[in-house]
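Order of the sequence lines sets the chain letters (A, B, ...), proteins ahead of strands, with each chain counted from 1.
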Protein chains: 2
Amino acid sequence: MTVISKALTLLDQFSETQPEIGLSEFCRLSGHDKATTYRYLTSLESVGFVEKNPTSKAYRMGPIVLRLAQVREQTVPRKNTVIEPLDQLAEKIGETAHATVLSGDRLITLANRDTRRYSTRVVVDISDFPLNATASGIVCIAFGPETLMPSALETMRRFTSTTPTTAKALHQAVDFAKAKGVAIADQTYEEGVRSIAAPLFDQSGHVAGAVAIAGLVGRMTPDRDPEAARAVTMASLQISESWGGKVPDALQDLWKRNWGNPSSSHI
Amino acid sequence: MTVISKALTLLDQFSETQPEIGLSEFCRLSGHDKATTYRYLTSLESVGFVEKNPTSKAYRMGPIVLRLAQVREQTVPRKNTVIEPLDQLAEKIGETAHATVLSGDRLITLANRDTRRYSTRVVVDISDFPLNATASGIVCIAFGPETLMPSALETMRRFTSTTPTTAKALHQAVDFAKAKGVAIADQTYEEGVRSIAAPLFDQSGHVAGAVAIAGLVGRMTPDRDPEAARAVTMASLQISESWGGKVPDALQDLWKRNWGNPSSSHI
DNA sequence: TCCCTTTGGTTCATTATTCAAACCGATGTT
DNA sequence: AACATCGGTTTGAATAATGAACCAAAGGGA
């Protein structure tokens, strides 16, 4: 822990529910003493990371972060940040991995990557993912905005004999995802393809999309589910972080309980 | 200059044109020695302010700034940040001040504030500012996106006898603004009202709106223009900063040359 | 009114970090 | 083979951060 990291973790105290924080409260929240906290805050203020409410003398998030976020968004677009985690995921499981982004009530492909491990592999060539028929769709309904379920119920299409096309079947699939933390779709979009998906979170703290692995039923068998789920949740952690988001603790706990530690090897 | 401010100014080196910077280059850019720069960067990395490209080992803006910007945007909305500078502006000149935001090719009122100095004062009650007939509109055409001029030429309406309604007249007004750094509208929207406007810049570095002062012709006489221009440009500096933006150096120079120092008293 | 608490802000001897220059090993270039 | 440059590490003298104690001011009760 250097001075820099200590000072910057002060900024984590700000949130939508706690926009202004006074000196004394900062001391309590951060655990540092008053003099140190004061010096940190005035330093942060001098570079625009916090600003002081002149009347209440409380501190709030400064304007410079807007500029920095703009640079981040411009120089490290979301699409680029998913490539590496997707490659790792595809490589680990030996199947095709893809990431999608939620745009309103639609789920759009962001990127997909496969491995060369098998000569036959799944090609994911969907631009607009049906919410009811894909693991990515189900997991977004389960953990995303409330509006998704009614929207999905309205536009349900049948793709295979096992596509959930009734409200009951859809609720069942969503409830499974809510219980397990990931969605599993067994040939609901295409015969012979089984896939597992986990939700992605962005800087707003909400679901921003999904990451999934899709493979042939012969290889993506249920006994490999734990391994695949761990890999998919690992990818979700990585991608969500690079989007400035964080997988909610409750969901991380759910994953751990159901699938064990997501291969806690490296970052 | 504390450690914190020194470390954080490292982040200013990143830009849209320079998204990744290596250690040696950072030393050159920041002027610090290698060991210090390295420690600063690893500290910044540990809290997510920068991240390292694993192959090139160069540093780039980290994802945490996305979250911080979200908090800033949520807790300190733009509308709130203009109130205080507007009040100061209105108080200093004794007329009505207002701020507008550019949304596509339209200029929308964000807030307006007046003083009690005079019993008669201008009430600005426009929701959609005509680009050709207001000082705010002219200054946005002059310093904002290229698309504004054609859009303005298309929708030119006449409000008073002096409203610029020909391409020639509009270009003349815009050229004046480009030369002076502010736009002056003498009864072009409403008889008896004269106003001066300066552009506002946001985190993207582009014009995001305008701030203006509007008063009765009898009081807002040309001999008070320098005073009013200084006050308006001062307000622009404050508001732009609070939006994570920065008034371009070229424009600041222009202001200084034409109107002198914008009352360089306090921040 | 007085007393007590809490607020933001400051001081100074002690302690930890920073600095600059030299050094490593790896990766090109000439 | 010689050279330059890269990211990263080490060194002890120089410099900065630290935190308990301290201020002044602003409430809040009684």
Side-chain angles (χ1 to χ4, degrees), chain A residues 1-15 17-63 71-72 75-76 80-81 84 242 266-267, chain B residues 1-15 17-63 75-76 84 242 266-267:
Chain A
M1 261 292 195
T2 75
V3 180
I4 296 168
S5 48
K6 274 186 276 182
L8 291 179
T9 49
L10 285 184
L11 297 176
D12 290 342
Q13 304 297 338
F14 292 116
S15 69
T17 56
Q18 189 149 49
E20 289 204 347
I21 305 180
L23 175 60
S24 298
E25 199 167 357
F26 250 126
C27 298
R28 265 177 263 118
L29 291 169
S30 66
H32 301 122
D33 76 68
K34 206 163 21 165
T36 305
T37 308
Y38 178 69
R39 275 191 305 264
Y40 285 176
L41 286 169
T42 47
S43 286
L44 289 171
E45 190 188 5
S46 74
V47 281
F49 274 77
V50 303
E51 65 183 12
K52 208 189 293 192
N53 183 328
T55 60
S56 72
K57 299 198 174 184
Y59 300 85
R60 61 178 176 226
M61 190 70 75
V71 172
R72 166 77 187 186
T75 59
V76 191
N80 294 355
T81 66
E84 210 184 290
S242 78
H266 90 299
I267 310 183
Chain B
M1 261 296 197
T2 77
V3 179
I4 297 168
S5 48
K6 274 185 275 182
L8 291 178
T9 49
L10 286 183
L11 297 176
D12 290 342
Q13 304 297 338
F14 292 116
S15 70
T17 55
Q18 189 149 49
E20 291 203 346
I21 305 180
L23 176 59
S24 299
E25 200 167 358
F26 250 126
C27 298
R28 266 179 263 118
L29 291 170
S30 66
H32 301 123
D33 75 77
K34 209 166 18 168
T36 306
T37 309
Y38 178 67
R39 265 184 283 106
Y40 286 177
L41 285 169
T42 47
S43 286
L44 289 171
E45 190 187 5
S46 74
V47 280
F49 274 77
V50 303
E51 65 183 14
K52 210 189 290 192
N53 183 328
T55 59
S56 72
K57 299 198 172 182
Y59 300 84
R60 61 179 176 224
M61 189 72 73
T75 58
V76 191
E84 210 184 290
S242 78
H266 90 298
I267 311 184

Legend entry - A:Arg72 side-chain N/O to B:Met61 backbone N/O, donor-acceptor pair under 3.5 Å: yes
Inset, instruction - Indicate whether OP1 or OP2 belonging to C:dC19 is found under 4.0 Å from a side-chain N or O atom of B:Lys6. - result: yes
Inset, instruction - Specify the residue among B:Ser24 and A:His32 whose closest nucleotide of DNA chain D lies further upstream toward the 5′ end. - result: B:Ser24
Inset, instruction - Please state whether the phosphate of C:dT18, meaning OP1 or OP2, lies under 4.0 angstrom from any side-chain nitrogen or oxygen of B:Arg39. - result: yes
Inset, instruction - Take the protein atom CG of B:Asn53 and the nucleotide atom P of D:dG8, then report the distance between them rounded to whole Å. - result: 12 Å
Legend entry - Side-chain N,O (A:Tyr40) to OP1/OP2 (D:dA17) below 4.0 Å: no
Inset, instruction - Using only side-chain N and O atoms of B:Tyr38, determine if any of them is under 4.0 Å from OP1 or OP2 of D:dG7. - result: no
Legend entry - Separation of atom CD1 in A:Ile21 from atom C1' in C:dT6, rounded to whole Å: 18 Å
Legend entry - Proximity to the side chain of A:Leu23 - top-ranked nucleotide from C:dG9, D:dT18, C:dA20: C:dG9
Inset, instruction - For A:Tyr59, report the nucleic acid contact type (base, sugar-phosphate, nothing); a contact means any heavy atom under 4.0 Å. - result: sugar-phosphate
Inset, instruction - Rounded to the nearest angstrom, tell me the gap between atom NZ in B:Lys52 and atom C1' in D:dG7. - result: 8 Å
Legend entry - Full working for side-chain contact (heavy atoms from CB on, under 4.5 Å) between B:Thr2 and A:Tyr40: CA-CA 9 Å; B:Thr2 77; A:Tyr40 285 176; over 6 Å; no
Legend entry - No-H, no-angle donor-acceptor pair, B:Lys34 side chain to D:dG8 base, under 3.5 Å: yes
Legend entry - Contact under 4.0 Å: A:Arg28 side-chain N or O vs C:dT7 OP1/OP2: yes
Inset, instruction - On DNA chain C, check which nucleotide each of A:Gly22 and A:Val3 is closest to and give me the residue with the more 5' one. - result: A:Gly22
Legend entry - Side-chain H-bond candidate by donor/acceptor type, A:Gln18 with A:Glu25, under 3.5 Å: yes
Legend entry - Mutual orientation of the aromatic rings belonging to B:Phe49 and A:Phe49 [parallel < 30°, tilted 30-60°, perpendicular > 60°]: tilted
Inset, instruction - Check the distance between C:dT7's C1' and A:Phe26's CZ and give it to me in whole angstrom. - result: 16 Å
Legend entry - Nearest to side-chain heavy atoms of A:Asp33, which nucleotide of D:dG19, C:dG8, C:dT18: D:dG19
Inset, instruction - Remember a base hit wins even if backbone is also touched, and classify A:Thr2 as base, sugar-phosphate or nothing at under 4.0 Å, heavy atoms. - result: nothing
Legend entry - A:Tyr38 vs A:Phe26 side-chain heavy atoms within contact, under 4.5 Å: no
Inset, instruction - Could you state the atom-to-atom distance from CD1 of B:Ile4 to C1' of C:dA16 in whole Å? - result: 15 Å
